[in-house]
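Treat the numbers as computed from the prediction; the structure is a model and nothing was measured.
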Amino acid sequence: MDNFQFYSPTEFIFGKETESQAGEMIKKYGGTKVLLHYGSKSAVKSGLIDRVKEVLTESNIPFVELGGVKPNPRDTLIYKGIEICRKEGIDFILSVGGGSCIDSSKAIALGVPYDGDFWDFYGTGKTVEKALPIGTILTIAAAGSEGSGASVVTKEDGWLKRDVGSDLLRPKFSILNPELTCSLPAFQTACGAADIMAHVFERYFTNTREVEITDRLCEAVLMTMIKETPRVIADPGNYEARANIMWAGTVAHNDIVGVGRSQDWNSHAIEHELSALYDCAHGAGLAVIMPAWMEFVYKHDIMRFAQAAVRIWGCEMNFINPELTALEGIQCFRSFLSYIGLPINFEELGAKEEDIPKLVDKLGIGNGRTGGFVQLSSNDIIEIYRIAAHASL
């Protein structure tokens, strides 16, 4: 196991009707005037935004609203949010929504105290030195942004999707009420499940040896998703299953399952270009890319993939030819994704094989390499996209 530092300061308030505590939590963390940032129709239509506004009013916390966050959140709305915060003297951001809304809030939070363009931080490695505090009321179990310091947003000029990471962007608090996810359509639930599983797999496939504790934690989260996702798709109102998935989403990405081990993140980078170009759901893109990445890299460590097949998917170990076990596990993953209603190839996703050169070019690797588990060249990524284009059960 590698040396590590782990810092996860977010306070989680989990359970039914916990959104009623938003006002007291904002005051606890010093907020006096709030930007209420949310998505589009669903949070408004459900009455959640009205309930939150009532809580803020009853708590004597003034607020300014900014709705309209889209999946794959856009820089244009972020610039607007930064302007509003500066003009109105906002000192706290409350994000009501899923990962896209939280990521947009984080971008606004780092942009307000910064003299330059917030985009300077995305995909550059530039250090975040200041940010407004944020809190979240989570409505979708998927991205894990409610417990992480990461933010991923899209620049409309060129449709570039990039990320930034900083502990200063970790929410001060996150309110997790599984009831708020019960109205999600089956496809959105499945996309969230794929994202959660991908966050774990990006950590599970590692070159670090002797990491049994985090291996087992990863496996537990993945097995929870395998059990609970079909349950909530069959019965959307199943609170207990929703609760397990919501907490799994947080655990999957606050890095408790990734400490002390090298990580990869190639699948996310490769998928980001799909969702940037086609504006598809991130989880749907991951369902296409992640098994394809696995097929391309599994020979780098056949026994780790065989371990995943046995421990996670219940495959029988072929000691004579463990490669067959490894491949069986990858196919089990793809079959599961298809079973819960997700695309598994370009045609089902709505992507085009002829766009592969464009996708690779936008990654910006050039003659270099990227990744943690296996260092990939542009030609390698072309092959992964081709596997994804033609994947089948």
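- One finds no salt bridge joining Asp361 and Lys358 here, because no Lys/Arg side-chain nitrogen approaches an Asp/Glu carboxylate oxygen to under 4.0 Å.
- Under the ring pair (Phe, Tyr, Trp, His ring centres under 6.0 Å) criterion, Tyr204 pairs with no residue, sequence neighbours left out.
- Look at Glu179 and Arg242 and you find no salt bridge, because none of the NZ, NE, NH1 or NH2 atoms lies under 4.0 Å from a carboxylate O.
- Heavy atoms from other residues, nucleotides or ligands lying under 6.0 Å from CD of Glu129 number 12 at most.
- Every side-chain contact (heavy atoms from CB on, under 4.5 Å) that Glu348 has, sequence neighbours left out, goes to Pro343, Ile344, Asn345.
- There is a side-chain donor-acceptor pair under 3.5 Å between Glu271 and Ser275.
- Side-chain contact between Ile84 and Lys87 is absent, with no heavy atoms from C-beta onward closer than 4.5 Å.
- Within the 4.5 Å cutoff, side-chain heavy atoms of Pro291 are placed close to those of Leu337.
- If you run side chain to side chain contact (heavy atoms under 4.5 Å, CB included) between Thr139 and each of Leu48, Leu184, Asn177, Leu176, only Leu48 comes through.
- When only modelled atom types and interatomic distance are considered, Asp117 and Tyr79 share a side-chain donor-acceptor pair under 3.5 Å.
- Among residues two or more places apart in sequence or in another chain, the side chain to side chain donor-acceptor pair (under 3.5 Å) test is passed with Glu273 by Arg162.
- Listed by first and then second residue, the side chain to side chain donor-acceptor pair (under 3.5 Å) pairs involving residues 248-264 are Glu146-Thr250, Arg203-His253, Arg203-Asp255, Thr206-Ser262, Thr208-Ser262, Thr214-Arg261, Asp215-Arg261, Asp255-Gln263, Gln263-Trp265 (not counting sequence neighbours).
- The shortest distance between side-chain heavy atoms of Phe92 and Ile90 does not fall below 4.5 Å.
- Proximity of Leu94 to Thr136: side-chain heavy atoms (C-beta onward) are nowhere separated by under 4.5 Å.
- Applying the side chain to side chain donor-acceptor pair (under 3.5 Å) test to every pair with at least one member in residues 286-301, sequence neighbours left out, gives these pairs: Asn207-His300, Arg209-Asp301, Glu295-Arg334, Tyr298-Glu323.
- Hydrophobic clustering (side-chain heavy atoms under 4.5 Å, transitive across Ile, Leu, Val, Met, Phe, Trp, Tyr) groups Leu66 together with Ile93.
- Hydrophobic clustering (ILVMFWY, side-chain heavy atoms < 4.5 Å, transitive): Tyr122 and Ile108 are in one cluster.
- For Thr370, the side-chain contact (heavy atoms from CB on, under 4.5 Å) partners are Asn266, Ile365, Ile381, not counting sequence neighbours.
- Tyr385 and Ile387 fall within a single hydrophobic cluster, where Ile, Leu, Val, Met, Phe, Trp and Tyr side chains are chained together by heavy-atom contacts under 4.5 Å.
- Here Glu88 pairs with Lys33 in a salt bridge; the nearest charged N to carboxylate O distance falls below 4.0 Å.
- At most 12 non-hydrogen atoms from other residues, nucleotides or ligands lie less than 6.0 angstrom from CD of Glu210.
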message = Before you tell me yes or no, could you show the steps for Arg74 and Trp159 under side-chain contact (heavy atoms from CB on, under 4.5 Å), namely the whole-Å CA-CA distance, both residues' side-chain angles and the distance that decides it to 0.1 Å?
response = CA-CA 9 Å; Arg74 316 297 165 79; Trp159 295 105; 3.6 Å; yes
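- For the 3.5 Å distance criterion, the side chains of Ser100 and Asp103 fail to qualify, holding no donor opposite an acceptor.
- Figure legend: Lys16 and Tyr239 shown as a cation-pi pair, the cationic atom lying under 6.0 angstrom from the six-membered ring centre and within 45 degrees of its axis.
- In terms of heavy-atom proximity, Gly99 sits nearest to Ala143 at CA-CB, 3.6 Å.
- Within a 6.0 Å sphere centred on CZ of Phe6, other residues, nucleotides and ligands contribute more than 12 heavy atoms.
- The environment of CD in Glu11 is crowded: more than 12 heavy-atom neighbours from other residues, nucleotides or ligands sit within 6.0 Å.
- A salt bridge links Asp50 with Lys53: at least one charged nitrogen is closer than 4.0 Å to a carboxylate oxygen.
- A donor atom on one side chain and an acceptor atom on the other are not found under 3.5 Å apart for Thr224 and Asn244.
- Counting only heavy atoms from C-beta outward, the side chains of Met246 and Leu138 approach each other to under 4.5 Å.
- Contact check on Arg231 versus Glu228 returns a salt bridge, with a Lys/Arg side-chain nitrogen under 4.0 Å from an Asp/Glu carboxylate oxygen.
- A salt bridge between Arg216 and Glu212 is present, with a side-chain N of the basic residue lying under 4.0 Å from a carboxylate O of the acidic one.
- For the pair Thr124/Trp119, no side-chain contact is recorded, criterion being any heavy-atom separation below 4.5 Å from C-beta on.
- Here the side chains of Val128 and Tyr114 are not in contact, with every heavy-atom distance at 4.5 Å or above.
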key: Working for side-chain hydrogen bond (donor to acceptor under 3.5 Å, both in side chains), residues Ser145 and Lys106   = CA-CA 9 Å; Ser145 194; Lys106 291 176 179 177; 2.9 Å; yes
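- For the pair Asp195/Leu286, a side-chain contact is recorded, criterion being any heavy-atom separation below 4.5 Å from C-beta on.
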